[in-house]
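Before any comments, here is the structure.
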Amino acid sequence: MRVALFLTCVNDTLYPDTGRAVLKLLNRLGVEVDFPMAQTCCGQAHYNTGYRHQAEPLARHYSDVFGEYDAIVTPSGSCAAMVRELYPRLGERAAAEGRGDELSRVLAPVIPKTYELTEFLVDVLGVVDVGAYYPHKVTYHPTCHGLRSLGLGDRPRRLLEAVKGLELVELPGAEECCGFGGTFAVKNPDVSAAMGLDKVLGAESTGAGRLCAADNSCLMHLGGTMSRLRTEIKPVHIAEILASTEDDTEGDAT
């Protein structure tokens, strides 16, 4: 199986350690992973802000770069949802504008082969215990795209529950949005900040030392709130937990 890592813009720019963690994890599980250097943005930011036509060239490029792979793995529920849920809509809207089905045909190969990391581990590789060790008390925030668009369900929790040394505690109001929402946080800063505060206070109430999620964009938003509140809890991507082993100095991947 030829597997490619789609790192995403946010991770490439701000959280490269998450990409390194994915590679470490998948290599440990016997998966050889390519990192196509030509990869760019999937077009999510453009599409969500109303620039659908500007998102089309990015979607075409994504298909050109990743089309020959058997599986495309990304540590981002929102970007996986862009490909799986919104690329078909791009094709449908193009056809409705009288441009035929050409865009749909171009994008079709990559749509079913794009996986968020946890669903690739559980559904494709068929593993739950990935041999991780992480001696921390952790609470998990299911992000909106993973929860509602991809339907990740209990996959992330099952993976976390199998991590040696990890104590998983329930997050109050877990299924409520953290308030990021991409440009929502820019257009509605007061509402976004209030939602983020609710989520962080809920995480603090669990006594956990780590707040985990499968999307660094949400963790960036929550991490900013944590920093301003000077909380003890820290944000961490699930890939970095799953990549950690007892060989790591403090049970962390980096």
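Side chains are part of it too, since the values below use all heavy atoms of this structure and drop only hydrogens, waters and symmetry mates. A quick note: this is a predicted structure, and the numbers were derived from the prediction, not measured.
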Please report the interatomic distance [atom1]([X]) to [atom2]([Y]), rounded to the nearest 0.5 Å.
X	Y	atom1	atom2	answer
Leu125	Glu119	CG	CD	11.5 Å
Tyr133	Asp247	OH	CG	11.0 Å
Leu147	Thr143	CG	OG1	7.5 Å
Ser217	Leu14	OG	CG	10.5 Å
Asp129	Glu161	CG	CD	12.0 Å
Ser244	His136	OG	NE2	7.5 Å

Which heavy atom in [X] sits nearest to a heavy atom in [Y], and how many Å separate them?
X	Y	answer
Glu116	Ala214	OE2-CB, 3.6 Å
Asn27	Val31	OD1-O, 2.9 Å
Leu171	Gly202	CD1-C, 3.7 Å
Ala239	Val22	CB-CG2, 3.8 Å
Pro156	Tyr140	CG-OH, 3.2 Å
Ala80	Thr74	CB-CG2, 3.7 Å

Considering the options Asp248, Asp17, Thr245, which one meets the side chain to side chain donor-acceptor pair (under 3.5 Å) requirement together with Lys24?
->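 That would be Asp248; it is the only one of Asp248, Asp17, Thr245 passing the side chain to side chain donor-acceptor pair (under 3.5 Å) with Lys24.
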
Check: [X] side chain, [Y] main-chain N or O, donor-acceptor pair, under 3.5 Å:
X	Y	value
Ser227	Gly223	no
Ser76	Asp215	no
Lys137	Arg210	no
Ser63	Val106	yes
Arg155	Gly151	yes
Thr206	Ala203	yes
His61	Ala38	yes
Thr139	Leu211	no
Arg28	Ala243	yes
His46	Arg52	no

Do Glu240 and Val236 pass the side-chain contact (heavy atoms from CB on, under 4.5 Å) test, and can you show the C-alpha distance, the side-chain angles, and the key distance before you say yes or no?
-> CA-CA 7 Å; Glu240 295 173 51; Val236 60; 4.1 Å; yes

Do other residues, nucleotides or ligands put more than 12 heavy atoms under 6.0 Å from Lys113 NZ?
->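 Enclosed: over 12 neighbouring heavy atoms sit under 6.0 Å from NZ of Lys113.
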
Glu68 CD: over 12 foreign heavy atoms closer than 6.0 Å =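 Atom CD in Glu68 is not packed in, count stays at 12 or less.
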
Intermediate values then yes/no, side-chain hydrogen bond (donor to acceptor under 3.5 Å, both in side chains), Glu85 and Ser149 = CA-CA 7 Å; Glu85 184 178 43; Ser149 297; 3.1 Å; yes

Carboxylate-amine/guanidinium proximity below 4.0 Å for [X] and [Y]:
X	Y	answer
Glu175	Arg148	no
Lys199	Glu204	no
Arg93	Glu56	no

Could you tell me if the side chain of [Y] sits less than 4.5 Å from the side chain of [X], heavy atoms only?
X	Y	result
Tyr47	Met82	yes
Val122	Leu159	yes
Val73	Val33	no
Arg158	Asp154	yes
Asn216	Pro75	no
Leu5	Asp34	no
Gln44	Leu58	no
Cys212	Leu160	yes

Residues Val83, Ile72; criterion side-chain contact (heavy atoms from CB on, under 4.5 Å); working and verdict | CA-CA 11 Å; Val83 176; Ile72 307 139; over 6 Å; no

Between [X] and [Y], do the side chains contain an N or O donor and an N or O acceptor separated by less than 3.5 Å?
X	Y	value
Thr8	Asn11	yes
Glu97	His53	yes
Tyr62	Thr114	yes

Should Val127 and Leu29 be marked as a side-chain contact (heavy atoms from CB on, under 4.5 Å) after you check the CA-CA gap, both sets of side-chain angles, and the distance that decides it?
-> CA-CA 9 Å; Val127 297; Leu29 295 173; 4.3 Å; yes

For Tyr69, is the NZ or CZ atom of Arg2 found under 6.0 angstrom from the centre of its six-membered ring and inside 45 degrees of the ring axis?
->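 Cation-pi check for Arg2 and Tyr69: passes.
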
Trace of the side-chain contact (heavy atoms from CB on, under 4.5 Å) decision for Phe120 with Leu26 = CA-CA 10 Å; Phe120 180 75; Leu26 293 181; 4.0 Å; yes

Given side-chain hydrogen bond (donor to acceptor under 3.5 Å, both in side chains), test Arg84 with Tyr115 step by step and report yes or no.
-> CA-CA 9 Å; Arg84 295 242 299 273; Tyr115 298 92; over 6 Å; no

[X]-[Y] co-clustered via ILVMFWY side chain contacts under 4.5 Å:
X	Y	value
Phe35	Met1	yes
Phe6	Leu25	no
Leu152	Val130	no

